[in-house]
Amino acid sequence: MIVSTREMLLKAQRERYAVPAFNFHNLETIQVIVETAAELRSAVILAGTPGTFDYAGRDYAQAIIETAAKKYDIPIALHLDHHEVVEDIKKSIDLGTKSVMIDASHHQFDENIAVVKEVVAYAHRYDVTVEAELGRLGGQEDDLVVDEKDSMYTNPDSAKEYVDRTGIDSLAVAIGTAHGLYKSEPKLDFERLAEIKKVVSIPLVLHGASGVAFDDVRKTIELGICKVNIATELKMPFSGELRKYLEEHRDANDPRKYMEPAKKAMKLVVAEKIKMCMSEHRY
Ligand code: 13P
Ligand code: ZN
Ligand code: NA
C-alpha cells in the first residue's frame, strides 16, 4: 500500500536519520528506486514534479507505484514535489496520493500561508501529509549579499509562525542549497538550521541535495533534517550510461538491453544516498 510520509518522517525524526526522496521519471527509475530501497530495508519516497506527471501521466505513475508498494514490504510513498497549482494537488489526492508538497514559496508570507492553508484543509480530510517551503532555494551564499540572503533563506522566527498558522506536516527550509549541481561547493548555513530546529517541531526537509558533500548532508541530518531530496545525481548516471552504451553499440535498438546499464549505474547512486541518509535497515 502507498503510505503517507507521516509515520516514516516521524520515525526518522525520533531515530535521527533521514528518508531519501528520489525523483522518478519513468517505469525504469521507479523500479531501480524501490528495488534498491527494499534490498537495503529503507523507507523511500518517490517524488514527482508537475513536469514528470505531464510526461508520465498521474494515473500511470500512481498505478505503477501502487504496484511497487504491493510488491515490497517497506514503506513506499508517492509524493508530489514542487506543486504550485492547488487543483493539480486535489486531483492527485482524489487519485490516491498520500503526500504532497505545495510550493508557494514565490509568494509573499501571508499569501504563501493562505495558499498552503487551503491545501492543508483539503489534504488532512484524507489523511494526506503536506510539505511546504518558506524561503527560496536558489543560488549560493557567495553570490548573495547579506540582505538578499536574509530574504531568501528561511528565517527561524517566521518559520515558527508559518508552521503554526499553516498546520503543515513538514517544512522545507532554505539554508543554502540549490537545485541541480553547483559551480563550487555550497556553503550551508548550519547555524540557521539549528535555530529553526529549536523553534519548529515538525520534520524538516532539505531540497537540492545533489552536489552537497556527504558530510554536509550528514550534518544537516544531525541538526534535524528528516527528508533529503535527490534528483540530479540520479539523472546523471542514468543518462550518462545510456549515452555511453548507445555510442558503443551503434546498432542497439532494444530498450530491454540498452536501459540495463543505465539502471545499474543509477542503482549504485540510490544505494549510496540511502546510506548517506542512514535510513538502511530501519524496517
Ligand atoms: P537536486 O536536483 O539538487 O538533487 O534537487 C532535488 C530536489 O530538491 C527535488 O525537489
Ligand atoms: Zn526541490
Ligand atoms: Na543540488
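For this chain, numbers begin at 1 and follow the sequence in order. Just so it is clear, the structure is predicted and the values come from calculations on it, not from any experiment. For ligands, and for the atoms within them, numbers begin at 1 and follow the listed sequence.
With ligand atoms numbered from 1 in the order given, ligand 1 contributes 3 (O) to contacts under 4.0 Å with heavy atoms of Ala178. Taking a cut-off of under 4.0 Å to the non-hydrogen atoms of His82, the atoms of ligand 1 that pass are 10 (O). Counting the atoms of ligand 1 from 1 in the order shown, those under 4.0 Å from a heavy atom of His207 are 8 (O), 10 (O). Per-residue contacts place Ser210 under 4.0 angstrom from the following atoms of ligand 1 (heavy atoms of the residue considered): 1 (P), 2 (O), 3 (O), 4 (O). Of all atoms in ligand 1, listed by their number and element, those nearer than 4.0 Å to a heavy atom of Ile230 are 4 (O).
When heavy-atom distances to ligand 1 are checked against a 4.0 Å cut-off, Ala21 has no atom that comes that close, whether in backbone or side chain. Residue-level proximity to ligand 1 for Asp81 is carried by the side chain, the only part with a heavy atom below 4.0 angstrom. Contact annotation for Glu233 and ligand 1: no heavy atom of the residue comes within less than 4.0 Å of the ligand. With a 4.0 Å heavy-atom cut-off, ligand 1 is reached by the side chain of Asn23 but not by its N, CA, C or O.
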- request: Give the intermediate values and the outcome of side-chain contact (heavy atoms from CB on, under 4.5 Å) for residues His249 and Tyr258.
  value: CA-CA 9 Å; His249 303 79; Tyr258 64 66; over 6 Å; no
ring-ring contact (aromatic ring centres under 6.0 Å, His included) assessment of Phe53 paired with His83: CA-CA 11 Å; Phe53 291 114; His83 276 52; 5.7 Å; yes
- prompt: Can you list the steps and then say if Tyr17 with Glu222 is a side-chain contact (heavy atoms from CB on, under 4.5 Å)?
  reply: CA-CA 8 Å; Tyr17 63 94; Glu222 272 166 41; over 6 Å; no
task: Please lay out, stage by stage, how Glu28 and Phe238 fare under the test side-chain contact (heavy atoms from CB on, under 4.5 Å).
output: CA-CA 10 Å; Glu28 286 77 12; Phe238 193 95; 4.2 Å; yes
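Classified by interplanar angle (parallel below 30°, tilted 30° to 60°, perpendicular above 60°), the ring pair Tyr122/Tyr126 is tilted.
The NZ atom of Lys98 lies 8.0 Å from the OG atom of Ser4; values are rounded to the nearest 0.5 Å. Asp216 contributes atom CG, which lies 10.5 Å from atom CE of Met276 (distance to the nearest 0.5 angstrom). A distance of 10.5 Å separates CD in Glu191 from CG in Leu223, rounded to the nearest 0.5 Å. Leu46 CG to His79 NE2: the interatomic distance, rounded to the nearest 0.5 Å, is 11.0 Å. The line from CD1 of Ile64 to CZ of Phe24 is 8.0 Å long, rounded to the nearest 0.5 Å. Distance check: Leu234 CG to Lys273 NZ gives 8.0 Å after rounding to the nearest 0.5 Å.
Counting protein heavy atoms only, atom 5 (O) of ligand 1 is closest to Gly208 CA, 3.2 Å. Among all non-hydrogen protein atoms, the one lying nearest atom 2 (O) of ligand 1 is Thr232 OG1, 2.5 Å. Among protein heavy atoms, atom 7 (C) of ligand 1 sits closest to His179 CD2, 3.3 Å.
Counting only non-hydrogen atoms, the option in Gly211, Gly180, Ala47, Ala231 that gets closest to atom 3 (O) of ligand 1 is Gly180.
A salt bridge links Arg6 to Asp127: at least one charged side-chain nitrogen sits closer than 4.0 Å to a carboxylate oxygen. A salt bridge links Lys90 with Glu118: the closest approach of a Lys/Arg side-chain nitrogen to an acidic carboxylate oxygen falls below 4.0 angstrom.
Shown here for Ile33 and Asn23, the closest heavy-atom pair between the two residues is CD1-O, 4.1 Å.
Among protein atoms, those of element N, O or S found less than 2.8 Å away from the Zn ion (ligand 2) are His82 NE2, His179 NE2, His207 ND1. Protein N/O/S atoms found under 3.0 Å from the Na ion (ligand 3): Ala178 O, Gly180 O, Gly208 O, Ser210 O.
Counted within 6.0 Å of OH on Tyr55, heavy atoms from surrounding residues, nucleotides or ligands total 12 or fewer; the atom is thus considered open. Residue Arg41 places its CZ atom among more than 12 non-hydrogen atoms of other residues, nucleotides or ligands, all under 6.0 Å distant.
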